[in-house]
Amino acid sequence: MAQNNQSEPFTLEHARRVAARNGEEVVPGFCAMCGPGPNACGIYAFVKDGRFLRVAGMAESPVNRGGLCPKAHAAPQWVYSPDRLKYPLKRIGEKGEGKFERISWDEAIQIVADTLKRQKAAYGPESLAILSPALRSYSDYLRRFLTVHGSPNYGHSGICAMQRAFAFMYTLGDWPGPELGKSDLIIYWGRQPIYSGAAAPSPKLLVGAKARGAKIIAIKPSMEPDAGMADIWLPLRPGTDAALALAMLHVVVGEDLIDAAFVEQWCFGFPQLKAHVQKFSPEWAEGITGVGAQQIRDVARLYATTPRASIDLGNGVEHAPSSNDAIRAVAILIAITGHLDRPGGNLFGGPFGVPSTMPLPQDISLRERFTQEMVDKLVGPEFPRPFQPFVEGLSSAYYRILDSVLTEKPYPIRTIIAPGTQPSVSTRGSKRVLEALKNLEFYVVVDVARTADMAYADIVIPTATPYESDHPFDGRGGWLMARNKIIEPLGDYKSTYEFFLDLGVAMGYGADFWHGSMREAMEAQMQPFGMTLDELRQHPVGITYEPLPRTYENYAKVFQRRSPRLSGAPFLPQGKVAIYNTSFEAEGFSPLPEWREPPESLTGTPELTGQYPLLLSDYHTSKNYTASWQRNLPLLRELEPHPLLHIHPETASVRGISQGDWVIVDSPHCSIRVKAELFPGIRPDTVMVLHGWWQGCGELGMEDMPLLAGGANVNAMYSVEEGKAYDPLITAMTSQTLVEVRRA
Amino acid sequence: MERGFSFAPEKCIQCHACAVACKSWRELEPKVRYRWVENIWQGSYPEIRCVSSTIACKQCDDPPCVAVCPEDAISKRLENGIVVVNAEACSGCQACLGACPDAIPQFGADGKMQKCDLCLGRIDLGSEEPPCVATCPTKALGFLRSEVE
């Protein structure tokens, strides 16, 4: 039987043919349906009579190579959603009431500028904060605006990426990414390699590694599909990664499974570590993590004795009071077992794919203007002041900015601008966040669609989706491409970039904002590429740069790297792996990784387990939703219409809970109402939900949910108690608590 | 030339892109689906695994839906093996749904049976693949073309 299973790849030529057949046009572009990082997939957008219809994956893109995830296909529903904001709004009712009147774009800019000028004169520029939970392609515009204004208060999440970056860089001088293509053993630890960019390289690398016969180990509390593909699953209790990592160090140090030559030449403080980890036996860790001591030993031995072994450490380790310790302990484990910057191990150069010959766009963040005075004025530093600025610049923790409105310590923030972020569902402590928004002097929401807490806004700025915008150009993963406008904007709005340019001009900062010209802003950033934007547009599917040849064992160079602190002091004072961390010690923090219980846990607060016998944590990402948006898109909502509680069948059964029952989950801080999904692949002592639920889907007749009790907003369930709920060094806010579950 | 899908469960990451690409390209109304993904549990905690399955009309060799249809509205095309529905003739009795072992037949607002037809008439079946296959990031889902003697 003859077979011809080769199909034409979805190239520009092919896309044009498909479009012509249907009487449509095709526009090459970027997908904009998920977060930052390496996930800027190439798409072909199909348009008819000015209407955006659907997408296909761009075969020429080295990021997605023609594939696309489900979120990508929902883009037209996002653009045309009835929830879109079409024109600027000004509050006319009480805060929280949701009464607005329509104003023009120029009026809105003027009102914001007048308020900021008045507050700057009365309270100083630091009274302004801009929230940005995740890195966005517009993040540098937010930073630039703050710096020109004179405020250091860029509000970063405190729960994503920079927490890993900090602990890794102050231990290893770099955040080394796993060389998955060459590893014989891969540990996915607190990582979701599929849902965070299903069409990006990481799932293909996982599938490729399996096909090659590499051993896969998954460390996470529940069996998502990636853990289902693993050879070994360590179902640890949420928030106990540090205890597990310390026990693995205990094993490799105690059994002498280290790379003695590397430790001797390139590590500082190994003797102290050896004494320190004595007490963290696998038996001790079993009591805390719920993972069997023997399994901990086996995995530690397997990792240490496999020459080409890597660890892909995910966002899951950034949500506990011992996060910095967990990440440092893993960094030390990588180093002392000889897996640092060696083939198939964890390589210098960052975690986001293979470095390429592509230049970086011109940095427009104005970090060169940071001063000690700005460091001193941070309202709630994400990292302690002696470690500011960090790699992305100065930052206050997102939640601490909101908290300052209520505590007025050290001073209250007076204006918060929230572009593309929803404080009441994006950070912990939702009850206090709403209180803060009610008491905040001036709240500006900048978004493409109705947000969870828009009712508290004084001014609402609608913005273009990236599908309605011809900027910015994007260059990631060695791939540079201009952005094409797929359709014209649907209302009286501009892009988020243009908002900050217009506001800059209205504030009198025009000289620093290209006098309001987006074109000039883009050209300035294009300079390192040695071409203009028009020249880049001559390449309809962009330019792909060659990857840089891999080199290994770059210790001498990387261990000398200077930190971004104003002093420029190196990350590693001894020019060696900081096993014993004198930088931390000098500022009063533990020089060696420790174990610290979450504010509520089975082992840390046994007195609570009578009333609240189960652990609750949440998933950071899902197959069909990005963070706290996209529930209003029917194509995605149909895949998961209701907020689900993953609960083990036996845990459910003893509570009289059946598949699909609505249940109430009570924690010491709030309660949520969710639907039970009997989930055989979860620890029986743990239940989990997806974060970010609030939004209804009008097209499917589904209403918004309450932000607090009775809703499904898991962020309301956790402690935000200062001194207990955060990692002392990197803020990392807890996403663990104790709960009981009952039928609704 | 017969057409059909191939599926490699060990490559499926359960991203559900196939299901959504299909709905978008075929402009399916809510609740109507031609393809979906299922998670199958094996074993029990902690000795547990999960594997993937993606489900769509298999274009059976001897389709029970064709046999059961009282209106003769369903037929199997000999030249390409695709099972097609004549919407004009379909009375919406749903006998096909009862007969199909995979509960494939779908009924939307017009009450007529609809299901995957491999994008017959929408793509060039000789050189192109349906959107569900094209979107698959890990190539777990494939499109087969085999000569039949």
Side-chain angles (χ1 to χ4, degrees), chain A residues 1-10 14 18 53-57 64-74 76-77 193-195 198-200 203-204 206-207 210-211 223-230 233 235 623-624 634-636 638-639 648-650 679-684 699-700, chain B residues 1-2 6 8 10-33 36-37 39-52 122-131 133-140 142-149:
Chain A
M1 196 157 67
Q3 298 237 332
N4 166 24
N5 300 329
Q6 288 304 309
S7 297
E8 257 186 73
F10 227 106
H14 180 63
V18 170
L53 299 174
R54 69 189 88 79
V55 298
N64 55 311
R65 300 185 187 282
L68 282 182
C69 80
K71 298 166 195 169
H73 289 286
Q77 290 190 340
I194 293 172
Y195 298 158
K204 290 185 274 252
L206 165 59
V207 169
K210 269 187 73 75
M223 181 168 278
E224 296 179 279
D226 54 286
M229 297 169 93
W233 176 40
K623 59 182 178 283
N624 51 327
L635 277 173
L636 301 180
E638 276 196 305
L639 292 176
H648 191 274
E650 283 167 23
F679 199 83
I682 190 167
R683 294 184 56 83
E699 288 147 289
L700 294 179
Chain B
M1 183 86 81
E2 287 233 353
S6 64
E10 72 281 4
K11 290 185 180 177
C12 177
I13 56 173
Q14 292 190 35
C15 73
H16 295 243
C18 50
V20 178
C22 169
K23 288 206 65 158
S24 169
W25 279 77
R26 296 303 296 266
E27 298 177 357
L28 301 184
E29 63 195 282
K31 297 201 172 134
V32 171
R33 55 185 192 172
W36 59 93
V37 176
N39 182 54
I40 299 161
W41 294 107
Q42 294 174 342
S44 59
Y45 182 92
E47 297 303 320
I48 189 163
R49 286 285 171 273
C50 63
V51 293
S52 311
R122 293 162 186 274
I123 61 170
D124 177 349
L125 290 170
S127 66
E128 299 177 32
E129 53 198 10
V133 176
T135 201
C136 181
T138 53
K139 305 283 173 221
F143 193 53
L144 301 174
R145 300 181 194 90
S146 25
E147 295 288 355
V148 181
E149 298 304 318

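Chain letters run A, B, ... following the sequence lines, proteins first and then strands; every chain starts at 1. Keep in mind that this is a model prediction, so the values were computed, not measured.
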Q: How long is the gap from NE2 on B/His16 to CD on A/Glu638, to the nearest 0.5 Å?
A: 13.0 Å

Q: Quick check: does any side chain N or O of B/Arg49 sit under 3.5 Å from a backbone N or O of B/Gly43, one acting as donor and the other as acceptor?
A: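 No.
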
Q: Tell me, for B/Ser44 versus chain A, whether the close heavy atoms (under 4.5 Å) come from the side chain, the backbone, both or neither.
A: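 It is neither, since no heavy atom gets under 4.5 Å.
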
Q: Answer yes or no: is there a donor N or O on one side and an acceptor on the other, between the side chain of B/Thr135 and the main chain of A/Leu68, under 3.5 Å?
A: yes

Q: Can you find a pair of side-chain heavy atoms, one from A/Glu650 and one from A/Pro684, that are under 4.5 Å apart?
A: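 Side chain of A/Glu650 against side chain of A/Pro684, heavy atoms only: no contact under 4.5 Å found.
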
Q: Does any heavy atom of chain B fall under 4.5 Å from the side chain of A/Val55, the backbone, both, or neither of them?
A: backbone

Q: At a heavy-atom separation under 4.5 Å, does B/Cys12 approach chain A through its side chain, its backbone, both, or neither?
A: backbone

Q: Heavy-atom pairs under 4.5 Å with chain B - which of A/Lys623, A/Arg65, A/Arg683, A/His73 has more of them than the others?
A: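 Answer, by heavy-atom pair count under 4.5 Å with chain B: A/His73.
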
Q: When heavy-atom pairs shorter than 4.5 Å are enumerated against chain B, which of A/Ala74, A/Gly57, A/Ala227, A/Pro235 gives the highest number?
A: A/Pro235

Q: Using the side-chain contact (heavy atoms from CB on, under 4.5 Å) rule, take B/Val37 and B/Cys18 through it: C-alpha gap first, then chi angles, then the decisive distance, then the call.
A: CA-CA 8 Å; B/Val37 176; B/Cys18 50; 3.7 Å; yes

Q: Checking heavy atoms, do the side chain of B/Trp25, its backbone, both or neither come under 4.5 Å from chain A?
A: both

Q: Report which part of A/Ile682 has an atom under 4.5 Å of a heavy atom belonging to chain B: side chain, backbone, both, or neither.
A: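 Just its backbone gets close to chain B.
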
Q: So what's closer than 4.5 Å to chain B heavy atoms on A/Leu639: side chain, backbone, both or neither?
A: side chain

Q: Find the one option among A/Asn64, A/Val207, A/Asn624 whose heavy-atom pairs under 4.5 Å with chain B are most numerous.
A: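 Option with the greatest count: A/Val207.
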
Q: What part of A/Leu700 lies closer than 4.5 angstrom to a heavy atom of chain B: side chain, backbone, both or neither?
A: side chain

Q: Is a side-chain donor or acceptor of A/Gln77 paired with a backbone partner of A/Leu635 at a separation under 3.5 angstrom?
A: yes

Q: Is there a side-chain contact between A/Trp233 and B/Tyr45 (heavy atoms, below 4.5 Å)?
A: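 Yes, close enough: below the 4.5 Å cut-off.
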
Q: Does some side-chain heavy atom of B/Cys15 sit less than 4.5 Å from a side-chain heavy atom of A/Tyr195?
A: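 No. Closest side-chain heavy atoms not under 4.5 Å.
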
Q: Checking B/Arg33 against chain A: side chain, backbone, both or neither under 4.5 Å from a heavy atom?
A: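 For B/Arg33, no heavy atom lies under 4.5 Å from chain A.
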
Q: Give the minimum heavy-atom separation between B/Ile13 and A/Ala198, together with the two atoms involved.
A: CD1-O, 3.8 Å

Q: For A/Ala72, which atoms come within 4.5 Å of any heavy atom of chain B: side chain, backbone, both, or neither?
A: neither

Q: Does B/Phe143 reach the side chain of B/Glu128, with side-chain heavy atoms less than 4.5 Å apart?
A: no

Q: If you round to the nearest 0.5 Å, how far is NZ of B/Lys11 from NZ of A/Lys204?
A: 12.0 Å

Q: Mind checking the SG-CH2 spacing from B/Cys22 to B/Trp36? Nearest 0.5 Å is all I need.
A: 10.5 Å

Q: Using heavy-atom distances under 4.5 Å, tell me whether B/Gln42 contacts chain A through its side chain, its backbone, both, or neither.
A: neither

Q: By a 4.5 Å heavy-atom criterion (distance strictly below it), what part of A/Glu699 contacts chain B: side chain, backbone, both, or neither?
A: neither

Q: Only pairs of heavy atoms separated by less than 4.5 Å count here; which of A/Ala230, A/Pro76, A/Ala211, A/Pro193 has the most with chain B?
A: A/Ala230

Q: Please classify the contact between A/Glu8 and chain B as side chain, backbone, both or neither, with a heavy-atom cut-off of under 4.5 Å.
A: both

Q: Relative to chain A, which of B/Gln14, B/Glu27, B/Lys139 shows the most heavy atom pairs under 4.5 Å?
A: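 Looking at each of B/Gln14, B/Glu27, B/Lys139 in turn, B/Gln14 comes out on top.
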
Q: If you count heavy-atom pairs within less than 4.5 Å of chain A, which of B/Lys23, B/Arg122, B/Glu10 leads?
A: B/Lys23

Q: Is B/Pro131 close to chain A through its backbone or its side chain, or both, or neither, when contacts mean heavy atoms under 4.5 Å?
A: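 Answer is neither: B/Pro131 stays 4.5 Å or more from chain A.
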
Q: Tell me, for B/Ile123 versus chain A, whether the close heavy atoms (under 4.5 Å) come from the side chain, the backbone, both or neither.
A: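 Contact with chain A: backbone and side chain both.
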
Q: Are any of the side-chain heavy atoms of A/Met229 and A/Leu206 separated by less than 4.5 Å?
A: yes

Q: Answer with side chain, backbone, both or neither: which region of A/Pro680 has an atom nearer than 4.5 Å to a non-hydrogen atom of chain B?
A: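 Looking at A/Pro680, backbone and side chain both touch chain B.
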
